[in-house]
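One structure below.
Naming convention: chains lettered A, B, ... in sequence-line order (proteins, then strands); numbering from 1 in each chain. A quick note: this is a predicted structure, and the numbers were derived from the prediction, not measured.
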Protein chains: 2
Amino acid sequence: MLLSKSCVYGLRAALYLANQEKGKFIPIRQMSDKLEISFHFLTKILQQLTAEGILESFKGPNGGVRLVRNGSEVPLMDVVVAIDGSKLLTECALGLPGCGVKAPCPIHDKWAETRDSIREMLEQSTLTELVNKSRKENLRLTSEDGFDILFND
Amino acid sequence: MLLSKSCVYGLRAALYLANQEKGKFIPIRQMSDKLEISFHFLTKILQQLTAEGILESFKGPNGGVRLVRNGSEVPLMDVVVAIDGSKLLTECALGLPGCGVKAPCPIHDKWAETRDSIREMLEQSTLTELVNKSRKENLRLTSEDGFDILFND
DNA sequence: ATATTTTAAGATAAAAGAGTCTCAATAATC
DNA sequence: GATTATTGAGACTCTTTTATCTTAAAATAT
């Protein structure tokens, strides 16, 4: 798999947050319910995002987490790197050691191109961009609910 | 990671075999020694490739495994699919359910492009092509030895 | 036939990823 | 202050991947 499950959950949660009123703290429980992700597991993942400075949290009643920056300034890449690290964008596809510009593996050049297009995709897509698109086309973040239903009370 | 470790080992072994005299059975022990992969683990992986019809094996003295087809007719894709399956080329990058042409996820289109370029790379590169390139440029299949040293006795 | 060399198959172990549970810390409300 | 709602942190479990070990089966050579 390209991205770990933790990473995918983190991205879905980040998209959820980007669709919320700016500055408002959203309880993790609400997100885990809506997104159908285990509460404790999601908590751990979001703790990573908080530690990495992508989210900030607030304890107690009316607490929760929120994006530090505006969603339009958060490329998917930031979330991916915070959770999965950057090996996806640095490692040799064939796992051949010593692969690089100096001593490329047989598919180094081709893979470098592919890797760049992954990088581009993750760097150019922001949370807000995807949220807008999702709203417009009623895309899903879960198996059941359309995007609009997801944000009803 | 894009490819599992098993898959990478399988690819390295397939490249090793593609550099051998055509039709000759190569003992797995020899490959595991040269490629610095655990013998039993490599055996299991090659069993999969045998089961998938990419390799054929022969027991007993002078036995081993060999490529069924000529290396020039074996794209990397065959090895990858035999070991890792095809989810890499079919699954949604964001893990969003219901993602497809009918109900695409926000990055479906961009990801589809990237995925196609991965597919292209794996389909167009054959074992022989990579072996030739490796021979010419003395590329590595292990952390230590150059390609030519690897095949000395 | 017997011993030897090899792959096949299955049991087991270790490590990593995914997921759960419990309790502590913090902040608001009553 | 007590209660409640929330995140934080750590231990724990389950599953998958990775790796090892043992025994069986097949083929060869003696």
Exercise. Taking atom P of D:dT17 as reference, at what distance in whole Å does atom CG of B:Leu2 sit?
Worked result: 15 Å

For this session: Is it possible for you to check whether A:Arg29 lies under 6.0 Å from the centre of the six-membered ring of A:Phe39, through NZ or CZ, and within 45° of that ring's axis?
Result: yes

For this session: Output yes when a side-chain donor or acceptor of B:Arg115 lies under 3.5 Å from a complementary backbone atom of B:Thr90, and no otherwise.
Result: yes

Problem set entry | Nucleotide nearest B:Gln47 (side chain, heavy atoms from C-beta), chosen from D:dA19, D:dG8, C:dA8 | C:dA8

Exercise. Which whole-number value in Å describes the distance from B:Ile45 CD1 to D:dT17 P?
Worked result: 13 Å

For this session: Indicate yes or no: at least one non-hydrogen side-chain atom of B:Ser125 is less than 4.5 angstrom from one of A:Lys110.
Result: yes

Exercise. Do A:Ser86 side-chain atoms and A:Leu89 backbone N/O form a donor-acceptor pair below 3.5 Å?
Worked result: no

For this session: Can you check whether any acceptor in the base of C:dG19 is under 3.5 Å from a donor in the side chain of A:Lys44, or vice versa?
Result: yes

For this session: Measure from CG on A:Leu35 to P on C:dG19 and round the result to the nearest Å.
Result: 14 Å

Problem set entry | Rounded interatomic separation in angstrom, taking CZ from A:Phe25 and P from C:dA27 | 11 Å

For this session: Compare side-chain N and O positions of B:Ser6 against OP1 and OP2 of D:dT17 and report whether any pair is under 4.0 Å apart.
Result: no

Exercise. Can you check the B:Ile28 CD1 to D:dA26 C1' distance for me, whole Å?
Worked result: 14 Å

Exercise. Between atom CD in B:Glu56 and atom P in D:dA27, what is the gap in whole Å?
Worked result: 14 Å

Exercise. D:dA29, D:dA19, C:dA8: which one has an atom nearest the side-chain heavy atoms of B:Tyr9?
Worked result: D:dA19

For this session: Look at the side-chain N and O atoms of B:Thr50 and state whether any lies under 4.0 Å from the OP1 or OP2 oxygen of C:dT7.
Result: no

Problem set entry | Below 4.0 Å: OP1/OP2 of C:dT7 and any side-chain N or O of B:Ser57 | no

Seminar exercise, completed: In whole angstroms, the gap separating P of D:dT7 from CG of A:Asn62 amounts to 11 Å

Exercise. Do any side-chain nitrogens or oxygens of A:Thr43 fall under 4.0 Å of OP1 or OP2 in D:dT7?
Worked result: no

For this session: Tell me which nucleotide among C:dT26, D:dA25, D:dC21 gets nearest to the side chain of B:His40.
Result: D:dC21

For this session: Side chain of A:Phe41 only, please: which of D:dA19, C:dT26, C:dG19 is the nearest?
Result: C:dG19

Exercise. Between A:Asp148 (side chain) and A:Asn138 (backbone), is there a donor-acceptor pair under 3.5 Å?
Worked result: no

Exercise. Could you state the NZ-C1' distance from A:Lys59 to D:dT4, rounded to the nearest angstrom?
Worked result: 15 Å

For this session: Identify, between A:Pro61 and B:Phe58, the residue whose nearest nucleotide on DNA chain C lies closer to the 5' end.
Result: B:Phe58

